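All values derive from a computational prediction rather than experimental measurement.
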Amino acid sequence: MIDFSIIFKLILSLLILIGTLYGLLFFLKKYSIPFSKSGQEDIKIRDVKFISKDIGLVTIEFDNKIFLLAFQNGKIEKISEKEITQNLEHKE
């Protein structure tokens, strides 16, 4: 016959283990360094236009540049590239 003190010790050990794991998870979520240091996405899809089922155009923003790409049946070609000029003046 199983003694109740063994069951009590087992349940208490499991509760301590679960509490420790939860505390570790909380600590890692709160104090870990985020992967993205800029807080922004690196690649931004601005627009997608389909000409037909497998043919279309995509504009992508990456590294302060805008790229116009064409895709057709699994092939991708860069059509143009434009530099983004950012206005850093504050409007008052």
Side-chain angles (χ1 to χ4, degrees):
M1 187 168 168
I2 299 176
D3 192 18
F4 287 109
S5 65
I6 295 173
I7 295 174
F8 179 73
K9 289 178 185 178
L10 179 67
I11 292 174
L12 184 64
S13 298
L14 287 175
L15 289 175
I16 291 172
L17 180 66
I18 291 171
T20 304
L21 289 175
Y22 181 75
L24 182 65
L25 179 65
F26 175 76
F27 178 78
L28 288 176
K29 281 187 176 181
K30 186 168 183 170
Y31 297 110
S32 66
I33 299 171
F35 291 107
S36 176
K37 295 187 182 207
S38 65
Q40 297 178 356
E41 295 179 4
D42 292 336
I43 298 173
K44 184 177 183 183
I45 298 174
R46 297 180 66 165
D47 196 16
V48 178
K49 298 289 182 187
F50 287 96
I51 297 171
S52 70
K53 181 181 176 187
D54 295 330
I55 301 171
L57 300 169
V58 178
T59 55
I60 297 176
E61 185 177 332
F62 175 72
D63 195 27
N64 292 329
K65 294 180 183 177
I66 298 175
F67 297 94
L68 178 61
L69 305 174
F71 60 90
Q72 173 181 348
N73 298 328
K75 297 179 184 178
I76 299 174
E77 297 179 29
K78 181 176 88 170
I79 296 176
S80 69
E81 176 180 333
K82 181 180 177 183
E83 188 79 25
I84 298 175
T85 57
Q86 294 180 351
N87 190 1
L88 298 178
E89 296 177 14
H90 296 277
K91 294 182 180 180
E92 295 181 17

Enquirer: Nearest 0.5 Å, please: how far is CG in L68 from NZ in K78?
Expert: 11.0 Å
Enquirer: Distance from L69 atom CG to I60 atom CD1, nearest 0.5 Å?
Expert: 4.5 Å
Enquirer: Out of curiosity, D3 CG to K9 NZ, how far, rounded to the nearest 0.5 Å?
Expert: 8.5 Å
Enquirer: Has L57 got more than 12 heavy atoms of other residues, nucleotides or ligands less than 6.0 Å from its CG?
Expert: yes
Enquirer: Check the surroundings of atom CD in E77: do more than 12 heavy atoms from other residues, nucleotides or ligands lie under 6.0 Å from it?
Expert: no
Enquirer: Answer with yes or no whether the hydrophobic clustering places I55 together with I79; edges join I, L, V, M, F, W, Y residues whose side-chain heavy atoms lie under 4.5 Å apart.
Expert: yes
Enquirer: NZ of K65 to CD of E81: how many Å apart, nearest 0.5 Å?
Expert: 4.5 Å
Enquirer: Are I6 and L14 connected in the hydrophobic side-chain network, where two residues link if heavy atoms are under 4.5 Å apart?
Expert: no
Enquirer: Is it true that F67 and I45 fall in one hydrophobic cluster, defined by side-chain heavy atoms closer than 4.5 Å?
Expert: yes
Enquirer: Do you know which two heavy atoms are closest between F62 and D42, and how far apart they sit?
Expert: CD1-O, 3.4 Å
Enquirer: Parallel, tilted or perpendicular: which one describes the rings of Y22 and F26, with boundaries at 30° and 60°?
Expert: parallel
Enquirer: Give me the atom names and distance for the closest heavy-atom approach of I76 to F71.
Expert: CG1-CB, 4.3 Å
Enquirer: I need the D47 CG to I66 CD1 distance, nearest 0.5 Å.
Expert: 11.0 Å
Enquirer: Which distance, rounded to the nearest 0.5 Å, do you find between the CG of L10 and the OG of S5?
Expert: 11.5 Å
Enquirer: For F50 and K53, which heavy atoms make the closest approach, and how far apart are they?
Expert: CD2-O, 4.4 Å
